[in-house]
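The structure appears right after this line, and notes come after that.
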Amino acid sequence: MRLAGAYQAVEALDVEREAAVLQRSRHTDYLFLAWNGRCRLSTLPAVYEPDTPANLDWLACRGVTPWPVIALYLHADKAVEGLPWGSVTLLDQQTAVEDVRIFSALPESQRERHIRLLVKRYQRHVTYCSMLEVIQYLKTGRG
């Protein structure tokens, strides 16, 4: 998450604020969005809940944007010396936004089921990439 701030024009204080949320939270699964100088770390239910700030931010990034949009799935397995430790999945931002658009319109029970399946898919179907590929993604928003 901090690397996204290093490669995008996101205020360092905003990234640190979101990192602090990650450190003190009990949740394990998050979506992180960085775009146009802004960033937001949110739980998946908040992103898929219609008309929440997190949902509106994701939907605002639909279509072609004049700036790179970084979309990450973060999973915290454990804490090491007080810091979250886990995995990061680079998301195709447009696909993720379309998923949010479609599934946030469904009833809560269907959204919850979709989120469980999404988490399972992100954790089981992993594509490994190099640090160079991560940096390229963070610079351009494209994998």
Side-chain angles (χ1 to χ4, degrees), residues 1-80 82-129 131 133-143:
M1 202 166 69
R2 287 185 173 111
L3 276 178
Y7 290 101
Q8 289 295 315
V10 177
E11 291 292 324
L13 290 176
D14 291 344
V15 174
E16 288 306 315
R17 181 191 67 234
E18 300 302 335
V21 169
L22 184 62
Q23 286 177 299
R24 68 176 178 266
S25 185
R26 295 178 306 200
H27 297 282
T28 59
D29 300 294
Y30 301 88
L31 290 175
F32 178 76
L33 187 65
W35 75 108
N36 197 24
R38 301 172 61 190
C39 67
R40 178 183 294 276
L41 177 72
S42 306
T43 62
L44 277 74
V47 171
Y48 282 87
E49 178 71 29
D51 300 322
T52 62
N55 176 264
L56 295 173
D57 281 345
W58 277 78
L59 294 178
C61 294
R62 283 181 60 202
V64 178
T65 61
W67 57 85
V69 179
I70 307 306
L72 306 172
Y73 164 73
L74 308 173
H75 176 75
D77 290 323
K78 59 186 174 181
V80 176
L83 298 174
W85 189 261
S87 61
V88 176
T89 301
L90 311 177
L91 302 178
D92 176 285
Q93 178 264 335
Q94 288 300 318
T95 302
V97 168
E98 189 61 16
D99 189 75
V100 170
R101 185 190 69 75
I102 291 168
F103 287 95
S104 63
L106 297 178
E108 184 177 1
S109 62
Q110 289 178 321
R111 287 194 314 265
E112 289 173 354
R113 181 179 184 280
H114 177 68
I115 290 168
R116 284 192 306 273
L117 293 173
L118 194 63
V119 166
K120 189 182 291 188
R121 182 174 61 212
Y122 285 156
Q123 291 178 15
R124 289 190 180 165
H125 302 287
V126 177
T127 302
Y128 294 99
C129 58
M131 194 60 182
E133 290 169 311
V134 171
I135 290 170
Q136 182 65 24
Y137 176 81
L138 294 175
K139 287 180 178 179
T140 65
R142 291 174 179 71

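Because the structure is a prediction, the values reported are computed rather than measured.
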Exercise for review: Tell me, please, which residues at least two apart from Gln136 pass side-chain contact (heavy atoms from CB on, under 4.5 Å).
Suggested key: Thr140
Check your understanding: Can you list the residues that meet the side-chain contact (heavy atoms from CB on, under 4.5 Å) rule with Trp67, with sequence neighbours excluded?
Key -> Trp35, Asn36, Thr65, Val69
**Study point:** Non-hydrogen atoms of Gly141 and Pro68 that approach each other most closely
**Key:** N-CB, 4.1 Å
Practice item. Return the minimal non-hydrogen interatomic distance between Ser104 and Pro50, and the atom names on each side. Key: O-CG, 3.0 Å
Is any side-chain heavy atom of [X] closer than 4.5 Å to a side-chain heavy atom of [Y]?
X      : Y      : value
Thr28  : Asp77  : no
Asp29  : Leu118 : no
Gln93  : Ile70  : no
Glu133 : Leu90  : no
Asn55  : Val47  : no

For residues 95-102, tabulate all N or O donor-acceptor pairs below 3.5 Å that involve a side-chain atom, not counting sequence neighbours.
from	atom 1	to	atom 2	distance (Å)
Thr95	OG1	Asp92	OD1	2.8
Glu98	OE1	Arg101	NE	3.2
Glu98	OE2	Arg101	NE	3.0
Glu98	OE2	Arg101	NH2	2.5
Asp99	OD1	His114	NE2	3.1
Asp99	OD2	Tyr48	OH	2.2
Asp99	OD2	His114	NE2	2.8

Can you give me every donor-acceptor pair (side chain of residues 6-15, partner residue at least two apart or in another chain, under 3.5 Å) with its distance?
from	atom 1	to	atom 2	distance (Å)
Gln8	NE2	Leu138	O	2.5
Gln8	NE2	Lys139	O	3.2
Asp14	OD1	Arg17	NH1	3.1

Point to revise | Audit row: Arg113, Leu106, side-chain contact (heavy atoms from CB on, under 4.5 Å) steps and yes/no | key: CA-CA 11 Å; Arg113 181 179 184 280; Leu106 297 178; over 6 Å; no
Exercise for review: Return the set of residues passing ring pair (Phe, Tyr, Trp, His ring centres under 6.0 Å) with Tyr30 (not counting sequence neighbours), or none when no residue passes.
Suggested key: none
Exercise for review: Output all residues satisfying ring pair (Phe, Tyr, Trp, His ring centres under 6.0 Å) with Tyr73, sequence neighbours left out; order by chain, then residue number.
Suggested key: Tyr122
Exercise for review: Let me see the working for Cys61 and Leu33 under side-chain contact (heavy atoms from CB on, under 4.5 Å), right down to the final yes or no.
Suggested key: CA-CA 9 Å; Cys61 294; Leu33 187 65; 4.1 Å; yes
